[in-house]
Amino acid sequence: MQLIPGYFIVFVGAGIGGMLRHAVNRAGVTFGWTFPWHTLLVNVSGCLLMGIVAGWFAFRGESGQDFRLFLTTGVIGGFTTFSAFSLDAVLLWERGQILSAALYIGGSVVLSVASVFLGMALMRTQ
C-alpha cells in the first residue's frame, strides 16, 4: 500500500514546516513588528524555496517521489501554502495559459480575502 507512506511523509514534512512558520511568527513578536513582516517573510521565502526545489527536481535533481513530497507538499507547504498557489500560477503561465493564470491569481486573492471576511461576519452574528 503505497499511499500510506506518502501521507506519512507529507505529515512529517508539514509538521516541520509548521514549526518553522511558528518560529518566524514568534520572532516577529519578539521584534515587536506591528506590520505583518513575519507573514511576508514566510510567503516570499517559501516561494523562493519552492522555485528552487521545483526547479532542481525538474532540471537537475534525481530523486524519488517521496523526497519531492516531503520537501514540496510537506515542509514548504507546511511553511506556507502561498508557495503552492504561486507554483500553480507560474505553471499555468509557463504553459501559455495566461488568462487562466490571471483568473486563478485574481480569483484566489479576491475569493480568499472575501471568505475570511464572510467567516468573521458569520461568527460575529452568533
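Predicted model, so just to flag it, every value in this text is computed and none were measured. Each residue takes its place number in the sequence, starting with 1.
- In this structure, A54 and L87 approach most closely via the heavy-atom pair CB-CD1, 4.2 Å.
- L103 shares a hydrophobic cluster with L99; the chain of contacts runs through ILVMFWY side chains whose heavy atoms sit under 4.5 Å apart.
- Counting only residues at least two apart or on different chains, the ring-ring contact (aromatic ring centres under 6.0 Å, His included) pairs with a member in residues 95-126 are F85-Y104.
- S83 approaches G46 most closely through the heavy-atom pair CB-O, 3.5 Å.
- Going from atom CG of L71 over to atom CE of M50 covers 9.5 Å, rounded to the nearest 0.5 Å.
- At a threshold of 4.5 Å between side-chain heavy atoms, the hydrophobic network of Ile, Leu, Val, Met, Phe, Trp and Tyr places L48 and V24 in two separate groups.
- With rounding to the nearest 0.5 angstrom, the CZ atom of F11 is 15.0 Å from the OG1 atom of T73.
- Note that CG of L41 and CZ of R21 are 10.0 Å apart. Values are rounded to the nearest 0.5 Å.
- Taking hydrophobic clusters as Ile, Leu, Val, Met, Phe, Trp and Tyr residues chained together by side-chain heavy-atom distances below 4.5 Å, V90 does not share a cluster with I52.
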Checklist entry - Given F79 and V75, is the side chain to side chain contact (heavy atoms under 4.5 Å, CB included) satisfied, shown in steps? => result CA-CA 6 Å; F79 187 57; V75 176; 5.5 Å; no
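- Considering CD of Q65 and CZ of R68, their distance stands at 6.5 Å, rounded to 0.5 Å.
- Looking at heavy atoms from C-beta onward, W93 lies in side-chain contact with I98 at the 4.5 angstrom threshold.
- Hydrophobic clustering (side-chain heavy atoms under 4.5 Å, transitive across Ile, Leu, Val, Met, Phe, Trp, Tyr) keeps F70 apart from M19.
- Atom CD1 of I9 is separated from atom CG of D66 by 3.5 Å, given to the nearest 0.5 angstrom.
- The same ILVMFWY cluster, assembled from side-chain heavy atoms under 4.5 Å apart, contains both F31 and V44.
- In the hydrophobic clustering of ILVMFWY residues, with side-chain heavy atoms under 4.5 Å counting as a link, V109 and L40 come out apart.
- You'll find the ring centres of W37 and F35 inside the 6.0 Å limit.
- Here OG1 of T30 is found 10.5 Å from CG of N25. Values are rounded to the nearest 0.5 Å.
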Checklist entry - Could you go step by step and tell me if V42 and F82 meet the side chain to side chain contact (heavy atoms under 4.5 Å, CB included) rule? => result CA-CA 9 Å; V42 163; F82 198 78; over 6 Å; no
